[in-house]
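One structure below.
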Amino acid sequence: MSAPGWRPARGTVARGAQLVVGFLLVWAALAKLGDLQSLARDIHNYRILPVAGENIVAIVLPWIELTTALSLLLGIRPRAGAFVAAAILIVFTTAVALALVRGLSVECGCFGTAAAMQTGGAKLIENLAILALAVAGTMGRES
Amino acid sequence: MQMQGLGMGGAESTTPGIKQRARSSLVRDVLAIVLSGIALGFAFNHLELTSRPPRGLPWIATPRVLDSVDSPASAAGVPAQEHLPPMPASVPDTPAPPSTVPDAGPPHPPAARSAEEAGTPSSATPAVAAAPVPPATADSGTVAASPLMASALRAGLPVIPDVGRLLRVGLPTVVKFVEARAALIVDAREHGAFADGHIPGAVSVAYQEAVGDPGLLETLDPQGRPIIVYCSGGACEESLMLAEIMVRDFKMLRVLVYEGGFGEWTAAGHPVVRESE
């Protein structure tokens, strides 16, 4: 695993993954911030959280995504940002999987209402792909 | 442990003490990112809530329960007659039975807003803005004069007021409307499910398609009748979400959600129409 040339390549791959995930998170965060009401409704439709806590999640989630994205894009503690991104994506993927298992066809809410997409197999695969990128982003060096 | 397993870049050859410091530094950084996001979220929402007009989300969400058109009007503390639209001269003076008088709920400012935004004539909107519950709007004024509404009243159907928000409707009322063809029934499920069976007289407007192409909803013409939207029933959300789009984006009036949906309809043994029939 420590063959010559692997570490620099791993660092480049990790940095590339961090940038891609960072851009996706900026997009997701800004789309959500544009319509918090819809985000709260989308969270409600998943029927995972207690109703009383849905708004709090809708209030803080886009900002956590945004700070994570800034960390990744600006290279400020990007490895920590990649870990947060991976954690966020694990939560999202679990929510989509649960919706799928329970037969719910709801608006994903992942990128706000601008790119409305229903939960389903395609969304699950998309989330897993981004999760893989976020995990790749954790492999880099801390700057 | 997981962090260590994922690798620390160049830290693999360092001493355990340095690894430990790197790990605690990583945890600190993760917490800093998350907590700063939370702090920004709270600050932003606080600013939004204190702005004029307030735009933020309430800190605590309240369960969203639609008022029912089937529940007694007394629940809202409004005399039943206030819910009824004006009767046109051409319609026999047969008000709906008290048991079917809709529960229009408490005063609701968005009703007035939506009427204004919809561009309804000002001669009709004062009633909307001033009355505790709008007895009629410009739209329902014309509705009351329509033959469809007259026949609905004669059939003893509940009068559905325009309260500028969604109401839910139960199976017995849906049956009456379907039998009298006094409402536009909209099936929000996917086309395949609609083809396999739907409520007689229903039109298919799949929610998923309507989200991608909102123009689909422009083609709907309720002809002055209330609109009843349904999906599969149970946990399905398509009817509620489609109805929300109708009211919010298209300013449609008197939109009802049949929460029991197609599941309840078929379970009760009511007739079903299939595409091939």
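Everything quoted here is computed from the prediction, not taken from an experiment. Below, each value reflects all heavy atoms present in this structure, side chains not excepted, and no hydrogens, waters or symmetry copies. Each chain gets a letter, A, B and so on, in the order the sequences are listed, and its residues count up from 1.
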- Query: If only atom types and distance count, is the side chain of A:Asn55 paired as donor or acceptor with the main-chain N or O of B:Pro58 below 3.5 Å?
  - Reply: yes
- Query: Is there a donor-acceptor contact under 3.5 Å from the side chain of A:Thr67 to the main chain of B:Ile33?
  - Reply: yes
Return the [atom1] to [atom2] distance between [X] and [Y], rounded to the nearest 0.5 Å.
X       : Y        : atom1 : atom2 : value
B:Arg55 : A:Gln37  : CZ    : CD    : 11.5 Å
A:Ser38 : B:Arg248 : OG    : CZ    : 5.5 Å
A:Leu36 : B:Glu48  : CG    : CD    : 7.5 Å
A:Arg41 : B:Leu240 : CZ    : CG    : 8.5 Å

- Message: Taking salt bridge (charged side-chain N to carboxylate O under 4.0 Å, His left out) as the cut-off, I'd like each qualifying pair that reaches into residues 86-98 of chain A, sequence neighbours left out, listed once.
- Response: none
- Considering non-hydrogen atoms only, spot the tightest contact between A:Ile56 and B:Phe42 and give its length. CD1-CE2, 4.0 Å
- Note on the structure: Residues B:Leu57 and A:Ala40: closest non-hydrogen pair is CD1-CB, 4.1 Å
- Message: Under the criterion side chain to side chain contact (heavy atoms under 4.5 Å, CB included), I'd like the reasoning laid out for B:Ile38 against A:Trp63: C-alpha separation, chi angles, the key distance, then a yes or no.
- Response: CA-CA 7 Å; B:Ile38 291 172; A:Trp63 289 96; over 6 Å; no
- Quick check: are there more than 12 heavy atoms from other residues, nucleotides or ligands sitting under 6.0 Å from CZ of A:Phe23? no
- Can you tell which part of A:Thr68 gets under 4.5 Å to a heavy atom of chain B, answering side chain, backbone, both or neither? both
- Test item: B:Trp59 and A:Ile59 side chains (from C-beta on) under 4.5 Å apart, heavy atoms: yes
- Task: Could you tell me which of A:Leu33, A:Leu66, A:Ile64 has the largest number of non-hydrogen atom pairs under 4.5 Å with chain B?
- Result: A:Ile64
